[in-house]
Amino acid sequence: MARALVGATLLVDGVGGLVVETEAYDHEDPASHSFGGRTARNASMFRAGGCAYVYRSYGIHWCLNVVCGPAGEGSAVLLRALEPTHGLDRMRARRGIDEARLLCSGPGRLCQALGVDASQDGLPLDAPPFALILPERPVPLATGPRIGISKGVATPWRFGLAGSRFLSRPFR
DNA sequence: GTATTGATCTTCT
DNA sequence: GAAGATCAATACA
């Protein structure tokens, strides 16, 4: 799913763009929030695939995941960066900056630009305010280790649109 | 260009 | 009390 979502278009209330960077987290993965079992925070990660899991990161930011797999499993894909295509003016107003490249280049920035917070946690991604359109054609992928984790460091489950200028960090 | 730090929520020890 | 799927501002090279 993390590979399939690169190149998709995500909109929240009409604001969004092309998904250029994702990371995979599954229930057997020590880096995953679901690894230690269900808690109040990660409850929506254990729902059936197709809904959102939104969590508070470092006490400051919100991060948005696409829940995958059957109910009870606890697998999800973190959306780390978008190439803005819709509603750039609203993103700039929310983010307080002008540079398109910095509007959604990171999971916390992405949520701020799209207005995502706990009120969207658990909502289905195929109904308003969300819209998720999968890519029509396969897209060139870059692969590498995930960012900002201390366990499962060697698992290469970060995926990006090869050559995109809107990544949170480049691939090598 | 890299390095450091403060913001302060949620979970686990 | 510590750590974490982060970001931005600041200080330096």
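The sequence lines fix the lettering, A, B, ..., with proteins before strands; numbering per chain opens at 1. Because the structure is predicted, anything quoted here is derived from the model rather than measured.
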B/dT8 -> Watson-Crick or G-U wobble partner, both distances under 3.5 Å, gives none
Here the distance between atom P of C/dA8 and atom CG of A/Leu103, to the nearest Å, is 10 Å
Could you give the distance separating B/dT10 and C/dA8 at their C1' atoms, to the nearest angstrom? 22 Å
Note: for A/Gly108 and A/Gly59 on DNA chain C, the residue whose nearest nucleotide lies more 5' is A/Gly59
Here the distance between atom P of C/dA8 and atom CZ of A/Arg101, to the nearest Å, is 12 Å
*Does A/Arg80 make a cation-pi contact with A/Phe159, if we ask for NZ or CZ under 6.0 Å from the ring centre and within 45° of the axis?*
no
Per atom distances to the A/Ala40 side chain, the nearest of C/dA5, B/dT11, C/dG4 is B/dT11
A/Lys151 atom NZ is separated from C/dA2 atom C1', nearest whole Å, by 12 Å
Phosphate contact (B/dT11 OP1 or OP2) by A/Thr39 side-chain N/O below 4.0 Å | yes
Between NE2 of A/His33 and P of C/dG4 the distance, given in whole Å, is 11 Å
Do A/Arg146 and A/Tyr25 make a side-chain contact, defined as non-hydrogen atoms from C-beta onward lying under 4.5 Å apart? yes
Yes or no on salt bridge (charged side-chain N to carboxylate O under 4.0 Å, His left out) for A/Arg41 and A/Asp121, after CA distance, side-chain angles and deciding distance? CA-CA 10 Å; A/Arg41 177 177 66 153; A/Asp121 186 38; over 6 Å; no
note: A/Arg169, atom CZ; B/dT2, atom C1'; distance rounded to Å ~ 12 Å
From CZ of A/Arg41 across to C1' of C/dG4 the rounded distance in Å is 8 Å
Separation of C/dA5 atom P from A/Phe35 atom CZ, nearest Å, is 13 Å
Taken to the nearest whole Å, CD/A/Glu21 to C1'/C/dA5 is 11 Å
Looking only at B/dT11, C/dA8, B/dT8, the nucleotide nearest the A/Ile60 side chain is B/dT8
Out of C/dC7, C/dA5, B/dC9, minimum distance to the side chain of A/Arg109 belongs to C/dC7
- Query: Say you pick atom P in C/dA13 and the same atom in B/dT5; how far apart are they, in whole Å?
  - Reply: 15 Å
Discussion item. I'd like to know if A/Tyr58 reaches the base of C/dA5 with its side chain such that a donor and an acceptor end up less than 3.5 angstrom apart.
Written reply: no
Sorted by position of nearest nucleotide on DNA chain C, 5' first, the leading residue of A/Gly148 and A/Arg95 is A/Gly148
Fill in: Donor on one side chain, acceptor on other, A/Ser168 and A/Glu21, under 3.5 Å
yes
Out of B/dT11, B/dC9, C/dA5, minimum distance to the side chain of A/Arg56 belongs to B/dC9
message = Over all strands shown, is A/Ser150 touching base, sugar-phosphate only, or nothing at heavy-atom distances under 4.0 angstrom?
response = sugar-phosphate
Pairing partner of C/dA5, by Watson-Crick or G-U wobble and under 3.5 Å for both distances, is none
query: OP1, OP2 of C/dT6 versus side-chain N and O of A/Arg80: anything below 4.0 Å?
result: yes
Winner on side-chain proximity to A/Tyr55, out of C/dA8, C/dT6, C/dA5, is C/dA5
Quick note, salt bridge (charged side-chain N to carboxylate O under 4.0 Å, His left out) partners involving residues 56-74 of chain A, not counting sequence neighbours, are none
**Report entry** salt_bridge(A/Arg94, A/Asp89) N-O dist < 4.0 Å
**Finding:** no
